[in-house]
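In what follows, a structure is listed as structure tokens, so that the remarks can point back to it.
Letters A, B, ... mirror the listed sequences (proteins, then strands); counts begin at 1.
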Amino acid sequence: MTTLSEDLDFRGLIAQESAGLRPVLDTQRVTAYLGIDPTADSLHVGHLIGVVTLRRLQEAGHRPIALAGGGTGLIGDPGGRDLERPLLTREQVEANVAGIRRQLEGLLDFSGSSSNGAGPALLLNNAEWLDSYRLVDFLRDVGKHFTVNQMVAKESVKARFERAEQGISFTEFSYMLLQACDYLHLHDHYGCRLQIGGSDQWGNITMGMEYTRKVRQADTHAFTWPLLTRSDGSKIGKSDRSEVSWLDPRRTSPYSLYQYFVRKGDDEVGQLLRYYTFLAHEEIAALDRATQDHPERRAAQHALASEVCTLVHGGEEAARAEKAAAALYGEEIVSLDESLLLDVFADAPSSVMPKSVLEGKGADLAELLATSGLAKSRGAARTAIAQGGAYVNNRRRSAEDGAVVADDLLYGRYVVLRRGRREYHLLRFE
RNA sequence: GGGUCGGUACCCAAGCGGACAAAGGGAGCAGACUGUAAAUCUGUUGCGCGAGCUACGUAGGUUCGAAUCCUACCCGGCCCA
């Protein structure tokens with residue numbers, strides 16, 4: 001039987017840790033919290049690491065708290081940004097917290113019915129206590145315990161100091177103090193003694209831990225996991241928008257989520273399996289070997305994609321996504337039967353058009369690409385066609401045969417448009 | 001409030017009266033090679049089929065002509081009060 005700390009070590013989830021953390025993890029039952037910035041009404045795969053880790057803690061008998069930063073979300077964490085963030089309105093933050101709540105309910109056990117005695121998960125919103133804090137009280141009670149010297153020394157702040165033309169507002173500078181308040185509040189009201197987060201949070205986390213220790217003489221702890229980096233050391237999915245994959249199926253379909261993980265590189269997939277899945281250590285080791293022996297089979301990537309999809313959307317959706325992937329990357333689209341075709345494209349964007357547009361010379365492919373949203377504009381669509389990145393029913397089309405006609409219809413009704421390697425759109429003609 | 005420097009496309013950044021829809025880099029997109037990977041190479045990235053239109057913080061002005069000059073305003077950095 002592996003202990004929790006052994007499991008976390010195996011998965012590479014402990015980058016930094018407070019002194020004396022291990023026995024707390026392995027021999028006590030504690031309440032642990034993870035902060036989530038409600039910058040959108042959905043979590044994304046980045047958040048998922050923390051939530052899954054929280055679940056590991058719960059399964060090991062600890063009580064998890066997911067803390068939505070409804071209060072701190074109004075401020076914005078300076079870390080990891082070189083720009084001052086736009087402030088969210090209260091309404092936005094509340095709507096975001098509500099969206100996140102729904103997703104967490106599928107990932108953590110809020111009922112407390114588990115047999116291991118771990119207590120139900122809680123979702124709290126720090127607006128509850130931060131909102132009503134009075135400024136003078138805050139400065140007296142909290143501010144007195146920190147020196148600006150130590151605050152300025154934090155990596156997240158230093159970075160902003162060095163970016164001469166940007167600076168950092170006092171508002172964002174205060175963020176870490178609010179986070180420290182959270183830890184104290186959770187300690188006082190819920191007996192919380194452990195905070196977890198990504199390693200970029202370490203500075204903020206230690207503030208809270210030390211603060212709570214100082215004013216309550218409490219035995220508080222924390223650990224962080226390393227932020228994902230690629231083999232060349234660069235951060236994964238830093239600012240490129242296309243890489244953001246959401247848990248909300250309306251933002252990222254189950255199929256897209258599946259694809260997101262299937263496309264992961266050999267050098268990352270092992271780490272991701274450890275972070276995101278609950279597969280046994282031997283299974284992961286076997287998948288590592290599979291990647292080494294037959295990288296082209298992408299066995300580990302498929303396992304990862306399937307596991308995450310199941311976790312987020314359930315087994316049925318995961319199976320569908322898997323089937324769709326197999327069909328699109330394996331078989332000819334024209335050979336799919338009608339129900340499988342519809343199944344495969346259930347997640348893909350689709351639109352309905354009158355059949356009449358196919359009459360005569362047919363519909364202009366560039367036009368279709370643009371109106372379907374596969375290309376940003378007709379100009380972009382033409383570029384795609386010229387570059388050989390436009391496909392009808394998975395067959396490349398050039399500008400010369402750029403008309404879609406009735407002969408292209410599958411089952412008399414459908415046309416599958418594709419731009420580039422992976423963007424699909426199903427047209428249904430009526 | 002004063003002084004000063006700055007605000008250019010998704011990001012960084014060059015341009016400082018015409019040849020600028022704007023160099024270069026990053027990022028994105030597409031293609032080739034592969035394994036739905038990485039690396040590499042090639043092409044491409046405001047809208048329009050096009051004449052053209054709209055764009056260099058905002059609003060005006062000078063000029064045959066402005067991203068470039070002038071004025072006011074807004075926003076940011078630094079220094080001073």
Side-chain angles (χ1 to χ4, degrees), chain A residues 80-87 159-173 228-245 255-273 287-288 290-306 309 321-331 333 344 347-348 361 364-367 369-371 373-391 394-400 402-403 417-425:
Chain A
R81 303 270 163 156
D82 25 63
L83 291 180
E84 183 85 7
R85 294 192 190 192
L87 292 174
R160 295 279 285 271
F161 270 59
E162 278 152 20
R163 258 190 92 82
E165 68 284 357
Q166 264 307 327
I168 178 171
S169 67
F170 179 73
T171 307
E172 287 200 16
F173 182 60
L228 289 172
T229 52
R230 308 168 85 111
S231 48
D232 64 1
S234 67
K235 243 184 174 180
I236 285 174
K238 29 189 177 178
S239 59
D240 37 355
R241 244 172 286 138
S242 66
E243 278 256 36
V244 176
S245 283
Y255 171 74
S256 303
L257 186 71
Y258 188 92
Q259 287 298 313
Y260 172 83
F261 285 102
V262 164
R263 286 197 207 99
K264 288 299 175 187
D266 301 344
D267 53 353
E268 310 168 46
V269 68
Q271 188 57 61
L272 294 170
L273 276 170
L287 288 167
D288 283 349
T291 297
Q292 213 163 18
D293 298 342
H294 293 284
E296 73 286 356
R297 291 185 191 160
R298 311 182 76 75
Q301 281 89 339
H302 279 285
L304 170 67
S306 167
C309 246
E322 202 169 350
K323 193 155 76 171
L328 288 179
Y329 288 94
E331 301 162 41
I333 282 198
V344 163
D347 279 344
K361 276 193 284 180
D364 180 41
L365 181 54
E367 182 81 48
L369 286 170
T371 53
L374 281 180
K376 269 190 305 218
S377 66
R378 307 187 78 237
R382 243 173 275 114
T383 307
I385 296 170
Q387 292 179 141
Y391 306 76
N394 255 359
R395 292 263 162 76
R396 179 175 289 167
R397 282 292 174 92
S398 62
E400 291 81 62
L417 290 182
R418 173 180 147 201
R419 197 212 71 231
R421 248 327 338 210
R422 37 172 110 136
E423 296 293 326
Y424 285 93
H425 187 99

Rounded distance in Å between the [atom1] positions of [N] and [M]:
N: B/rC64; M: B/rG28; atom1: P; value: 47 Å
N: B/rU63; M: B/rA14; atom1: P; value: 32 Å
N: B/rC12; M: B/rU4; atom1: C1'; value: 24 Å
N: B/rA55; M: B/rA66; atom1: C1'; value: 13 Å
N: B/rA21; M: B/rA38; atom1: C1'; value: 35 Å
N: B/rU68; M: B/rC20; atom1: C1'; value: 11 Å
N: B/rG46; M: B/rA22; atom1: C1'; value: 12 Å
N: B/rA37; M: B/rG50; atom1: C1'; value: 42 Å

Collect all protein-nucleotide pairs involving nucleotides 31-35 of chain B in which both atoms are nitrogen or oxygen and the distance is under 3.5 Å.
residue, atom, partner, partner atom, Å
B/rG31, OP1, A/Y391, OH, 2.8
B/rG31, O4', A/Q387, O, 3.4
B/rG31, O3', A/R396, NH2, 3.2
B/rA32, OP1, A/R396, NH2, 3.2
B/rU34, O4, A/R421, NH1, 2.9
B/rG35, O6, A/D266, OD2, 3.3
B/rG35, N1, A/D266, OD1, 3.3
B/rG35, N1, A/D266, OD2, 2.5
B/rG35, N2, A/D266, OD1, 2.5
B/rG35, N2, A/D266, OD2, 3.4
B/rG35, N2, A/R298, NH1, 2.7
B/rG35, N3, A/R298, NH1, 3.1

Set of residues satisfying side chain to side chain donor-acceptor pair (under 3.5 Å) with respect to A/S377, sequence neighbours excluded: none
Calculate the interatomic distance between [X] atom [atom1] and [N] atom [atom2]; express it in whole Å.
X: A/D364; N: B/rC49; atom1: CG; atom2: C1'; result: 10 Å
X: A/E322; N: B/rU36; atom1: CD; atom2: P; result: 16 Å
X: A/R263; N: B/rA39; atom1: CZ; atom2: C1'; result: 19 Å
X: A/R382; N: B/rA30; atom1: CZ; atom2: C1'; result: 16 Å
X: A/F261; N: B/rA37; atom1: CZ; atom2: P; result: 16 Å
X: A/L257; N: B/rU36; atom1: CG; atom2: C1'; result: 15 Å
X: A/I385; N: B/rC29; atom1: CD1; atom2: C1'; result: 15 Å
X: A/K376; N: B/rG48; atom1: NZ; atom2: C1'; result: 15 Å

A/S377 vs B/rG48: side-chain N/O to OP1/OP2 distance below 4.0 Å: yes
Can you name the salt bridge (Lys or Arg N to Asp or Glu O under 4.0 Å) partners of [X], sequence neighbours left out?
X: A/K323; result: A/D343
X: A/R378; result: A/D364, A/E367
X: A/R395; result: A/E332

Spatial distance of atom CD (A/Q259) from atom NZ (A/K264) [nearest 0.5 Å]: 12.5 Å
Polar contact flag, side-chain donor to acceptor under 3.5 angstrom, A/Q292-A/D266: no
Nearest-nucleotide comparison on RNA chain B, the residue closer to the 5′ end among A/G379 and A/V262: A/V262
Nucleotide nearest A/T383 when distance is taken to its side chain, options B/rC49, B/rA37, B/rU44: B/rU44
Results of ring pair (Phe, Tyr, Trp, His ring centres under 6.0 Å) for A/Y255 - residues two or more places apart only: none
